[in-house]
Amino acid sequence: MIDLHSHTDHSDGSCTPPDLLALAAGAGLRALAITDHDTLSGYDEARLCPKPDSLELIAGIEITCKHGSDNIHLLGYFPRSDPGDRFRAWLKQTHGHRADRNRRLVARLQEMGVEIRIEEVEALGRTMTGRPHFARVLIAKGYVRTMEEAFTRYLGEHASAFVERQGPGLVEAVEHIRLAGGISSLAHPVRIEFPSEQAELDFLEAMKQAGLTAIEAFHTDHSPADSERYLALARRYGFAVTGGSDFHGSNKSGTRLGIPRVAYEVLEKLR
Ligand code: AMP
Ligand code: FE
Ligand code: FE
Ligand code: ZN
């Protein structure tokens with residue numbers, strides 16, 4: 001079995017890279033892809049860590065992309081070789097957008113009377129400071145009691161302090177992954193909202209034209225019927241399929257590494 005979707009504490013997961021490798025080995029996985037949000041640094045740490053030969057580590061990433069007014073998550077996999085300097089330089093640019101959003105988010109919260117400084121948030125966030133770290137500061141200071149409340153009251157898309165982040169376009173991200181020799185896969189497609197079934201089909205057709213390689217058919221959020229549906233859509237448009245748990249450790253309840261079960265064959269087909 002394999003798991004092609006997991007997060008470390010370099011983005012919003014709770015496990016360090018070596019802990020995640022140990023957990024994967026303990027679960028008997030043959031392959032693990034680390035797919036932190038918008039960064040390769042968790043993978044970069046993991047590849048230097050000791051791990052059993054029975055476990056393959058795959059370079060991955062989950063990029064938050066703009067598509068019209070939607071934010072769509074795109075997975076990138078580099079099973080053959082490192083993503084390389086050009087891809088890494090492009091990623092750095094997107095980190096500038098995040099840093100800019102974080103500064104504006106702090107300013108907005110301060111305007112609203114919340115006492116918060118960028119240094120406090122960045123102290124928690126390492127390379128990938130994001131809204132979950134803002135939420136932790138808000139909890140620590142007693143502004144809210146839970147992560148959920150932090151998002152409903154302040155940080156979520158419809159909440160009072162929300163500020164937009166510039167992001168790479170979905171088609172642009174697909175192209176950068178392709179140029180770096182990687183495989184792109186539409187993450188947890190069940191979360192994308194379409195006005196109609198036809199709109200979903202048109203979107204998949206357009207993404208096929210744009211060079212998207214795969215869709216994530218197996219995911220914690222997918223029912224067995226959802227997975228069947230995405231397998232059929234993948235066949236229809238000629239996409240490969242990927243799958244994984246989207247494990248975030250204790251930072252997100254309801255995910256378990258290696259669940260749903262994904263066969264090693266899925267990885268062989270990708271290659
Ligand atoms: P960012 O990339 O900094 O905009 O933060 C996005 C992250 O915030 C996501 O990957 C989730 O982990 C987290 N997040 C978004 N919405 C919520 C929510 N309603 N409750 C808890 N966490 C959330
Ligand atoms: Fe996440
Ligand atoms: Fe995601
Ligand atoms: Zn994820």
Side-chain angles (χ1 to χ4, degrees), residues 3-15 20 33-39 41-43 60-67 69-77 91 94-106 108-109 116 118 121-122 124-139 144-168 170 173 184-193 214-222 226 230 242-255 257:
D3 193 326
L4 298 179
H5 193 158
S6 68
H7 296 267
T8 73
D9 65 349
H10 286 250
S11 64
D12 58 350
S14 63
C15 291
L20 188 64
I34 292 181
T35 54
D36 276 314
H37 295 285
D38 305 312
T39 182
S41 70
Y43 162 76
I61 193 160
E62 182 174 21
I63 306 173
T64 302
C65 302
K66 295 278 171 204
H67 190 67
S69 58
D70 294 330
N71 281 315
I72 293 183
H73 289 183
L74 182 72
L75 293 159
Y77 296 108
L91 266 187
T94 72
H95 293 176
H97 296 149
R98 174 177 286 276
D100 174 60
R101 188 280 311 264
N102 290 347
R103 279 191 292 271
R104 287 184 290 122
L105 182 49
V106 164
R108 176 90 191 105
L109 285 164
I116 190 167
I118 191 76
V121 192
E122 283 176 350
L124 300 177
R126 302 173 68 164
T127 42
M128 226 357 59
T129 302
R131 285 180 290 162
H133 308 107
F134 280 81
R136 277 169 51 194
V137 173
L138 292 174
I139 294 169
V144 292
R145 286 216 301 271
T146 63
M147 203 75 175
E148 220 32 64
E149 195 188 344
F151 276 89
T152 12
R153 283 191 53 194
Y154 293 104
L155 306 171
E157 242 165 88
H158 306 289
S160 51
F162 183 73
V163 290
E164 275 289 343
R165 166 157 70 99
Q166 271 193 347
L170 182 60
S184 54
S185 181
L186 197 61
H188 39 65
V190 77
R191 287 198 207 152
I192 311 173
E193 286 173 28
I215 56 183
E216 190 175 45
F218 310 105
H219 184 273
T220 300
D221 288 359
H222 290 183
D226 289 330
Y230 291 115
T242 66
S245 62
D246 208 352
F247 183 69
H248 283 71
S250 60
N251 284 352
K252 204 180 243 176
S253 56
T255 56
L257 199 64

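One is the number of the first residue; the rest follow in order along the sequence. Computed from a prediction, not measured in an experiment: that's the story for all the values here. Counting starts at 1 for both ligands and their atoms, in listed order.
- Phe151 CE1, 3.3 Å is the protein heavy atom nearest to atom 22 (N) of ligand 1.
- Heavy-atom proximity to atom 6 (C) of ligand 1, evaluated over Glu149, Arg165, Arg131, Glu148, is greatest for Arg131.
- For Asp38 (side chain) and His95 (main-chain N/O), no donor-acceptor pair under 3.5 Å exists by modelled atom type.
- Between the side chain of Arg104 and the backbone N or O of Glu164, at least one donor-acceptor pair lies under 3.5 Å.
- A donor atom on one side chain and an acceptor atom on the other are found under 3.5 Å apart for His248 and Asp12.
- Using a 4.0 Å cutoff on heavy atoms, His248 does not count as a contact of ligand 1.
- Residue contact annotation: His188 places an N/O/S atom under 2.8 Å from the Fe ion (ligand 3).
- In terms of modelled atom types and a separation under 3.5 Å, the side chain of Arg131 and the main chain of Leu155 share a donor-acceptor contact.
- Between Tyr230 and Val190 there is a side-chain heavy-atom pair separated by less than 4.5 Å.
- Ligand-side atoms of ligand 1 in range of Asp12: 9 (C), 10 (O), 11 (C), 12 (O), range being under 4.0 angstrom from any heavy atom.
- Those atoms of ligand 1 with a heavy atom of Gly130 less than 4.0 angstrom away are 3 (O).
- Proximity of a side-chain donor or acceptor of Ser6 to a complementary backbone N or O of Ala33 within less than 3.5 Å is detected.
- For His73, the N, O or S atom closest to the Fe ion (ligand 3) goes by the atom name ND1.
- By the 4.5 Å heavy-atom criterion applied to side chains, Thr129 and Ile118 are not counted as neighbours.
- The atoms of ligand 1 that sit less than 4.0 Å from any heavy atom of Arg101 are 1 (P), 3 (O), 4 (O).
- When the options Arg98, Glu62, His37 are ranked by their closest heavy atom to atom 2 (O) of ligand 1, first place goes to Arg98.
- For the residue pair His10/Ser41, the side-chain donor-acceptor check at 3.5 Å is satisfied.
- The shortest N or O to N or O distance between Lys252 and ligand 1 is not under 3.5 Å.
- A distance-only check finds no donor-acceptor pair linking the side chain of Ser245 to the backbone of Thr220 [under 3.5 Å].
- The Fe ion (ligand 2) has Asp12 OD2, His37 NE2, His248 NE2 as its protein N, O or S neighbours under 2.8 Å.
- A donor and an acceptor atom, one from each side chain of Glu216 and His222, are nowhere located under 3.5 Å apart.
- With hydrogens and angles ignored, the 3.5 Å screen pairs no side-chain donor or acceptor of Tyr154 with any backbone N or O of Leu138.
- For the ligand labelled ligand 1, residue Gly156 lies outside the 4.0 Å heavy-atom shell.
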